[in-house]
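Residue numbers start from 1 in every chain, and the chains themselves are labelled A, B, ... in the order their sequence lines are given, proteins ahead of strands. Keep in mind it's a predicted model, so treat the numbers as computed, not measured.
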Number of protein chains: 2
Amino acid sequence: METNISQSRQQQQCIDKLLNAHGVNLTRQRRVIADTLFARDQHVTADKLFEAVNNNGAKVSKATVYNTLGLFVRKGLVREIFIDATRTFYDSNTSRHHHFYNVDTGDLIDMKERLAPHFIDQDLPDGTAMDMVDLVIRVKNKAP
Amino acid sequence: METNISQSRQQQQCIDKLLNAHGVNLTRQRRVIADTLFARDQHVTADKLFEAVNNNGAKVSKATVYNTLGLFVRKGLVREIFIDATRTFYDSNTSRHHHFYNVDTGDLIDMKERLAPHFIDQDLPDGTAMDMVDLVIRVKNKAP
DNA sequence: CTGCTGTTTAGAATAGTTATAAAATTGATT
DNA sequence: AATCAATTTTATAACTATTCTAAACAGCAG
């Protein structure tokens with residue numbers, strides 16, 4: 001999981017705008033984390049992100065990685081994916097889409113959104129509103 | 001009117017058949033756990049099940065509850081649901097259906113199956129086969 | 001009864017995450 | 001620049017759900 005050592009000035013401004021637009025105060029650590037996270041669409045665990053961030057000599061504590069991921073989730077910058085009980089994935093792509101999860105390999109792959117919203121809306125429990133659709137298709141390797 | 005402290009002979013035979021049919025050897029502990037679990041369709045955590053089982057004076061260790069739930073999952077008797085990172089739910093209803101999860105209350109509610117299988121099949125990653133569809137609709141309470 | 005296999009158990013260990021409290025940083029105000 | 005309050009970061013401790021371990025147990029075949 002490599003990331004580019006230094007961000008271009010353009011990219012940095014873009015990240016700053018993104019954080020500001022979501023009401024996140026700027027700090028050195030949040031910038032580095034956002035840089036790494038939004039360099040591309042990815043599914044990453046807190047631990048992997050911690051490694052990736054610090055592989056650039058950035059020096060951000062693990063607690064901050066957790067705090068920041070929590071903050072980003074609350075602000076709608078990333079999305080949590082619960083695949084199993086042992087770790088939480090964070091998806092840097094918050095557009096409407098779903099996932100294939102290969103139970104044999106652990107691969108997590110994006111899937112185009114195809115659910116018609118009204119297919120679900122009419123069935124919502126009384127007094128509730130849709131928060132988020134969470135669809136994971138678990139797949140396994142075909143026997144060769 | 002009365003809640004069943006002890007299973008009827010009929011119900012017990014039914015449980016035994018179920019376990020046998022799924023290749024699970026019978027033991028006192030597995031019977032008690034299955035009795036509790038399959039008394040009705042429910043979504044339960046390992047801890048709650050441990051409590052429920054022992055509230056009948058049954059005396060089953062927590063390790064056995066975990067072991068047995070793991071076994072039942074492998075044998076297809078119950079289904080794991082991953083709602084958040086802090087606990088795993090076990091669904092005693094393995095028929096095709098999905099869930100509404102109320103993020104405000106923690107309620108987990110069944111939802112009729114409505115996904116057309118071929119809507120997903122055609123998109124499966126190369127070399128993989130469907131294992132299971134895992135759809136959770138997260139809902140929140142409407143503001144009053 | 002003896003040995004074999006599978007099961008249960010208490011308790012220790014693990015791992016991911018959250019809480020705590022002190023230190024550092026930031027921004028605003030003078 | 002100096003000060004102050006508010007926010008953020010950090011190391012570390014604490015917590016919790018789950019898994020592991022190794023010993024005890026149960027049941028059956030010979």
Engineer: Can you check whether L124(B)'s main-chain N or O pairs, donor with acceptor, with T128(B)'s side chain at less than 3.5 Å?
Structural biologist: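 Answer holds: no.
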Engineer: What is the first contacted nucleotide of DNA chain C and what is the last, in 5' to 3' order, if contact means an atom lying under 4.0 angstrom from a heavy atom of chain B?
Structural biologist: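 It runs dG6(C) to dA10(C).
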Engineer: Could you check whether any side-chain N or O of D134(A) sits under 3.5 Å from a backbone N or O of I137(B), counting only pairs where one atom can act as donor and the other as acceptor?
Structural biologist: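 No; zero donor-acceptor contacts below 3.5 Å.
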Engineer: Would the number of heavy atoms belonging to other residues, nucleotides or ligands and lying under 6.0 Å from NZ of K62(B) be above 12?
Structural biologist: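 Yes - once you tally the heavy atoms of other residues, nucleotides and ligands closer than 6.0 Å, there are more than 12.
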Engineer: Would you confirm whether H97(A), through its side chain, and K112(A), through its main-chain N or O, come within 3.5 Å as a donor-acceptor pair?
Structural biologist: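 It does not hold such a pair.
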Engineer: Do the side chains of D104(B) and K140(B) get close enough for a salt bridge, i.e. N-O under 4.0 angstrom?
Structural biologist: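 No, this pair does not count.
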Engineer: Please check this pair: side chain of T68(B) against backbone of Q29(B), looking for a donor-acceptor N/O pair closer than 3.5 Å.
Structural biologist: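 Checking the backbone N and O of Q29(B) against the side chain of T68(B), no donor-acceptor pair under 3.5 Å is found.
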Engineer: Quick check: does any side chain N or O of Q42(B) sit under 3.5 Å from a backbone N or O of T36(B), one acting as donor and the other as acceptor?
Structural biologist: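 Pair found, side chain donor or acceptor close to backbone of T36(B).
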Engineer: Just checking, is any N or O donor in the side chain of H43(B) or N93(B) under 3.5 Å from an acceptor N or O on the other one?
Structural biologist: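 Short answer, no.
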Engineer: Any chance you could list the contact pattern along nucleotides 14-30 of chain D? Use B for base contacts, S for sugar-phosphate-only contacts and - for none, protein heavy atoms under 4.0 Å, 5' to 3'.
Structural biologist: ---SBB-----------
Engineer: Any protein N or O atoms within reach of nucleotides 5-8 of chain D? Criterion: under 3.5 Å, listing atom names and distances.
Structural biologist:
from   : atom 1 : to     : atom 2 : distance (Å)
dT8(D) : OP1    : N25(A) : ND2    : 2.9
dT8(D) : OP1    : R30(A) : NH1    : 3.0

Engineer: Of the non-hydrogen atoms in V53(B) and A58(B), which two are nearest, and what is the gap between them?
Structural biologist: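 Taking every non-hydrogen atom into account, O-CB, 3.2 Å.
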Engineer: Testing the 3.5 Å rule here: is there a donor-acceptor pair between the side chains of D47(A) and T45(A)?
Structural biologist: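 D47(A) vs T45(A): no donor-acceptor pair found between side chains.
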